[in-house]
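See below for the structure under consideration.
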Amino acid sequence: MSLNQLSEVKVNGGRLLRVEHESRSCNGNMTFAVFLPPQAAKKEVPALYWLSGLTCNDENFSQKAGAFTTAAELGMAIIMPDTSPRDAGVVGEDEAYDLGTGAGFYVNATQAPWSIAYNMYSYVTEELPALITANYAISDQAAISGHSMGGHGALICALKNPGKYASVSAFAPITSPSQCPWGQKGFTAYLGSDETTWSEWDANQLVQSNRAAGIAPQALLIDQGSSDPFYADQLMPSLFASTCESLAYPLDYREREGYDHSYYYISSFIAEHLRYHAKHLGLTV
């Protein structure tokens, strides 16, 4: 599949590329960014897949997180996909910030008209990694992380694919989308009104079903600001932590006093997360 490189800049001794390609999963053009650390000039390196939140695109993390100094030091690539298809021709896709453009929720839509393009789960877990490993000096060793809606995406991608990712973390994730307004709106549109079909896309329910199925748990790292305005009604970290505790599911929950939902918060702790993933990816920390 042909890639169209839109831009390249040098940063922290590495290369930051922005790339466009035709996506089978999303039935149209998709854009992603990839940071190649300086070590990638000589050998394959492992990668962290970063999933962004509502209203974001592939550029928010690269411009605001301040992650590349640490990633370059560690020899870790970072892959930054968009949050949804763009200009997919779906009626209503640009009418609200929390549905459609910029709000793909990392699910595979089953409902018309969304199902023709809104298949971000397949894109993130299958199509994009295949493109990355085929075209760049990046190995199939991968970790996954994300913020808000992207934190939800990171959690479900890992929980639905045991063993696929060396590690998983999330900043202020939507942990129980079936029970919050953002998730209920998105799931109804993308998956339909039958709430029994939502459970396979809900981290709070996936840890329960995985435990019931006897699937070996993977440790989860969740970072949450105590002053996040979406803490109680959208993100529900206390509910998720309670579920994990009741199941003896390994969760490292770090609540950061006074921090909000913004990239100021993410940039304050991203190096900590990168080093966490580096350990699991076998990199020297």
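No experiment lies behind these values; they were computed from the predicted model shown.
The backbone N or O of Ser267 lies less than 3.5 Å from no partner atom in the side chain of Lys64, so there is not a single donor-acceptor pair. Judged by distance alone, with hydrogens and angles left aside, the side-chain atoms of Ser84 form a donor-acceptor pair with the main-chain N or O of Gly102 at under 3.5 Å. Although no hydrogens or angles enter the test, the distance criterion places no donor-acceptor pair under 3.5 Å between the side chain of Gln141 and the main chain of Pro46. Asn135 places a side-chain N or O within 3.5 Å of a backbone atom of Leu131 that can act as its donor or acceptor partner. In this structure, Asn161 contributes its side chain and Lys164 its backbone to no donor-acceptor pair below 3.5 Å. Side-chain atoms of Tyr190 come within 3.5 Å of backbone N or O of Gly100 as a donor-acceptor pair. Thr83 places a side-chain N or O within 3.5 Å of a backbone atom of Cys56 that can act as its donor or acceptor partner. Distance alone, capped at 3.5 Å, is enough to place a donor-acceptor pair between the Thr175 side chain and the Leu235 backbone.
Taking the side chain as every heavy atom from C-beta outward, Ile78 and Val34 never approach each other to under 4.5 Å.
Around CD of Glu257, the count of heavy atoms belonging to other residues, nucleotides or ligands within 6.0 Å does not exceed 12.
Taking the charged nitrogens against the carboxylate oxygens, Arg275 and Glu73 do have a contact shorter than 4.0 Å, which makes a salt bridge. Between Arg86 and Glu20, no side-chain nitrogen of the basic residue sits less than 4.0 Å from a carboxylate oxygen of the acidic one, so the salt-bridge criterion is not met.
In this structure, Phe105 has its ring center at least 6.0 angstrom away from the ring center of Tyr118. If you look at Tyr276 and His280, their ring centroids are closer than 6.0 Å.
Across Ser268 and Tyr259, no two heavy atoms sit closer than the pair OG-CE2, 3.5 Å. What you find for Ser145 and His277 is that their closest heavy atoms are CB-NE2, 3.9 Å. Nearest heavy atom pair, residue Tyr106 against residue Asp82, reads OH-O, 4.2 Å.
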Checklist entry - Which is it for Asn204 and Thr243 under the side-chain hydrogen bond (donor to acceptor under 3.5 Å, both in side chains) test, yes or no, and what are the steps along the way? => result CA-CA 7 Å; Asn204 190 49; Thr243 297; 2.7 Å; yes
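Taken from CD1 in Ile215 to CD in Gln218, the straight-line distance is 11.5 Å, to the nearest 0.5 Å. How far CG of Leu155 is from SG of Cys157: 9.5 Å, rounded to the nearest 0.5 Å. Taking CG of Leu159 as the reference point, atom OG of Ser209 lies at 8.0 Å (rounded to 0.5 Å). Taken from CG in Leu206 to CH2 in Trp201, the straight-line distance is 9.0 Å, to the nearest 0.5 Å. Taking CG of Asn29 as the reference point, atom NE2 of His21 lies at 8.5 Å (rounded to 0.5 Å).
Asp202 and Ser178 are linked by a side-chain donor-acceptor pair at a separation below 3.5 angstrom, with hydrogens and angles left out of the test. There is a side-chain donor-acceptor pair under 3.5 Å between Tyr253 and Glu255. There is a side-chain donor-acceptor pair under 3.5 Å between His273 and Asp223. With hydrogens and angles left out, the side-chain atoms of Ser23 and Glu127 include a donor and acceptor closer than 3.5 Å. Donor-acceptor pairing under 3.5 Å is lacking for the side chains of Trp198 and Thr196.
For the salt bridge (Lys or Arg N to Asp or Glu O under 4.0 Å) test, residues two or more places apart in sequence or in another chain that qualify with Asp252 are Arg254. By the salt bridge (Lys or Arg N to Asp or Glu O under 4.0 Å) test, Glu59 is found to be paired with Arg18, residues two or more places apart in sequence or in another chain being considered.
His147 pairs in a ring pair (Phe, Tyr, Trp, His ring centres under 6.0 Å) with only one of the listed residues (Tyr263, Phe230, Phe171), which is Tyr263.
Both Phe240 and Tyr231 are members of a single hydrophobic cluster when ILVMFWY side chains are connected at heavy-atom separations under 4.5 Å.
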